[in-house]
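Position 1 is the first residue of the sequence; numbering continues from there.
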Amino acid sequence: MPEVTLAADRPAARPRGTGRPPMLVYAVAAVSALGGLLFGYDTGIISGALLHLRDDLDLSSREQEIVVSVILLGAMVGALVSGRAAIRHGRRKVVAAVAVIFAVGAVAAALAPDVTTLVAARFVLGLAVGGASNMVPVYIAELAPAAVRGRLMVLFQLMVAIGQLIAYLCGWALTGNGGWRVMFALAVVPAVALAVGMMFLPESPRWLIAQNRTDDAVRTLRRLRPAGADVTAEVAEIASVAADASAEGGSWRMLRRRWLRPALLIAVGIAAFSQLTGINAIVYYAPTILNDAGFGDSVSLLTGIGIGAMLVVAGVVGAIAVDKAGRRRTMLWFLPGSALAMAVLALAFSTSTESAAQRWTVIISLFAYILFNGVGMQAVVWLIGPEILPLSVRGPATSLATLSVWGFDLLIAMTALTAINTIGRSGTFLFYALMNVACIVFVALKVPETKGRSLESIEQALHSPLGFRRALEKR
């Protein structure tokens with residue numbers, strides 16, 4: 001690859017015309033992020049539904065884990081398929097197709113006459129969840145200006161949190177036999193809104209340039225940048241990277257290239273830690289864990305609503321923090337609080353004496369953990385991969401990172417209740433606390449800052465003799 005000069009080593013070019021990005025940029029983020037709302041709702045709704053499903057269908061702990069986890073197996077398949085489909089058909093069409101699959105899966109789950117059909121319907125929902133989590137962040141990243149890219153991409157995670165909060169509220173409001181069918185059916189509404197909305201949004205200019213449709217890309221960028229801005233330099237930069245991407249082929253074989261390893265290690269590592277730190281063990285099973293620990297059904301479901309609300313707060317704080325403080329600093333500031341809260345939770349469950357103080361400690365530490373982990377990890381996980389993975393392999397590489405999220409999520413979902421039954425609640429939460437500590441070490445040693453950098457300058461840093469992190473952090 002020819003030697004390049006990093007954007008950090010030269011003065012940034014000032015475009016003609018400055019100001020706020022046009023409303024279309026925010027419309028792109030808002031509409032496509034409905035995929036995040038569906039993702040959050042369809043993964044979170046099982047938490048409330050499970051309290052009734054296990055009684056209605058007489059499910060064992062293992063069967064409960066299967067009902068919860070099959071959506072994650074589908075998500076792994078959806079993540080793999082969507083990356084390749086996006087290379088061939090474009091980001092926008094894949095997101096629109098995901099919306100249709102969401103609607104089909106929701107209807108099938110609501111009408112399921114037995115456990116087998118419900119499991120199959122949740123697998124279909126998983127295909128959509130995997131596709132949405134893989135493609136929506138990429139779509140937003142490739143259309144958004146660098147200055148607001150972080151907050152717009154974190155909007156996806158915020159919508160995931162809102163979806164989970166809505167799921168908890170529905171689980172509480174629709175409690176009772178048969179209510180779980182309505183819970184599943186409600187997902188059809190945002191699915192239809194996403195499908196219709198995507199019809200009016202533009203395709204990614206980076207994908208258009210990779211398809212030799214430069215004129216279409218120029219028109220799209222002019223609609224996405226402030227009035228009067230000169231997009232010539234941005235088009236040239238994208239075209240240069242796209243030419244290399246086209247020459248290199250964008251195949252899975254490219255993931256073995258040595259220069260790509262730092263970015264791939266970071267993307268997959270953050271994806272793995274996003275689950276190993278325990279977030280979805282809490283999201284999926286908090287009402288069940290609390291109920292089995294002696295909390296009543298009402299308290300367990302209301303605590304779930306509180307967890308959903310805290311996820312939304314974390315999403316808002318994270319959206320601000322990633323562009324103000326930076327991605328790396330946000331993780332290093334908030335993850336220690338996540339580790340401490342999980343350790344306190346483990347300690348609270350270690351005592352055999354039940355008291356009001358012990359129960360309040362459990363609830364407060366749960367809320368604190370959700371806040372700190374939600375900001376420090378969940379706000380970044382869907383942002384960091386599409387930012388640092390090069391255009392030439394963005395399809396398969398983001399698929400691999402997303403596959404890692406769902407693979408480790410599946411591991412947690414399939415083992416959480418079993419672990420609690422084997423080593424107890426205290427031992428299980430202590431393990432998650434230690435994983436938070438390991439994540440802090442990983443971030444401190446490996447993760448660079450990408451705030452305010454163009455996707456192309458981040459890619460160029462991978463080829464720098466200074467090394468990936470040093471090249472990005474050089475000022």
Side-chain angles (χ1 to χ4, degrees), residues 7 12-37 85-99 132 134-156 158-159 193-243 245-246 319 322-323 382-383 386-387 391 394-395 398 452-459:
R14 289 193 175 276
R16 290 189 300 105
T18 58
R20 296 171 60 87
M23 289 304 298
L24 178 61
V25 171
Y26 298 100
V28 164
V31 172
S32 55
L34 283 172
L37 186 144
I87 294 174
R88 176 171 296 185
H89 302 292
R91 284 50 162 154
R92 186 178 69 89
K93 289 182 179 178
V94 170
V95 176
V98 160
N134 193 28
M135 272 301 108
V136 171
V138 170
Y139 179 68
I140 297 173
E142 293 190 347
L143 273 74
V148 296
R149 187 177 63 238
R151 73 190 66 168
L152 293 183
M153 291 178 68
V154 173
L155 177 62
F156 174 77
L158 176 59
M159 293 296 277
L194 176 60
V196 173
M198 291 304 299
M199 295 172 60
F200 300 97
L201 298 183
E203 182 53 85
S204 161
R206 287 169 170 83
W207 182 80
L208 291 171
I209 289 174
Q211 302 298 309
N212 297 317
R213 295 168 56 183
T214 304
D215 290 343
D216 291 338
V218 169
R219 284 191 289 271
T220 297
L221 282 171
R222 284 175 178 162
R223 296 173 62 199
L224 294 167
R225 300 298 180 257
D230 184 1
V231 301
T232 305
E234 185 174 1
V235 170
E237 188 177 32
I238 296 171
S240 175
V241 172
S246 178
V322 293
D323 275 338
W382 302 113
L383 167 60
E387 278 196 328
L391 180 63
R394 193 165 290 149
T398 53
R453 307 301 298 271
S454 72
L455 298 182
E456 287 67 39
S457 69
I458 295 171
E459 178 168 346

Mind checking what makes salt bridge (Lys or Arg N to Asp or Glu O under 4.0 Å) contact with [X], not counting sequence neighbours?
| X | result |
| --- | --- |
| E456 | R206 |
| E142 | R91, R394 |
| R223 | none |
| R92 | none |

Could you work out, with side chain to side chain contact (heavy atoms under 4.5 Å, CB included) as the rule, every residue matching [X], not counting sequence neighbours?
| X | result |
| --- | --- |
| T214 | V218, V235 |
| R219 | D215, D216 |
| A97 | none |
| R151 | V148, D323 |

* To do: Report the C-alpha separation of F200 and V31 in whole Å, then their side-chain angles, then the decisive distance to 0.1 Å, and conclude whether the side chain to side chain contact (heavy atoms under 4.5 Å, CB included) test is met.
  => CA-CA 10 Å; F200 300 97; V31 172; over 6 Å; no
Considering non-hydrogen atoms only, spot the tightest contact between [X] and [Y] and give its length.
| X | Y | value |
| --- | --- | --- |
| M135 | T398 | CE-OG1, 4.5 Å |
| P386 | A141 | CB-CB, 4.2 Å |
| P145 | V25 | CD-CG1, 3.8 Å |
| I209 | A239 | CG2-CA, 3.7 Å |
| S454 | E237 | OG-OE2, 3.7 Å |
| V28 | P202 | CG2-CD, 4.0 Å |

* Is there side-chain contact between P205 and L143, with heavy atoms separated by less than 4.5 Å? -> yes
* Do L455 and R149 come within less than 4.5 Å of each other through their side chains, counting heavy atoms only? -> yes
* To do: Start with the C-alpha gap between Y26 and L155, add the side-chain angles, then the distance that decides, and say whether side chain to side chain contact (heavy atoms under 4.5 Å, CB included) holds.
  => CA-CA 10 Å; Y26 298 100; L155 177 62; over 6 Å; no
Going from [atom1] on [X] to [atom2] on [Y], what distance comes out if it is rounded to the nearest 0.5 angstrom?
| X | Y | atom1 | atom2 | answer |
| --- | --- | --- | --- | --- |
| M153 | L383 | CE | CG | 4.5 Å |
| S32 | L152 | OG | CG | 9.0 Å |
| R225 | T220 | CZ | OG1 | 10.0 Å |

* Check the pair E234 / L221 against side chain to side chain contact (heavy atoms under 4.5 Å, CB included), numbers first and verdict last. => CA-CA 9 Å; E234 185 174 1; L221 282 171; 3.8 Å; yes
* **With R222 via side-chain hydrogen bond (donor to acceptor under 3.5 Å, both in side chains) - residues at least two apart** => none
* W382 side chain to V136 backbone, donor-acceptor under 3.5 Å -> no
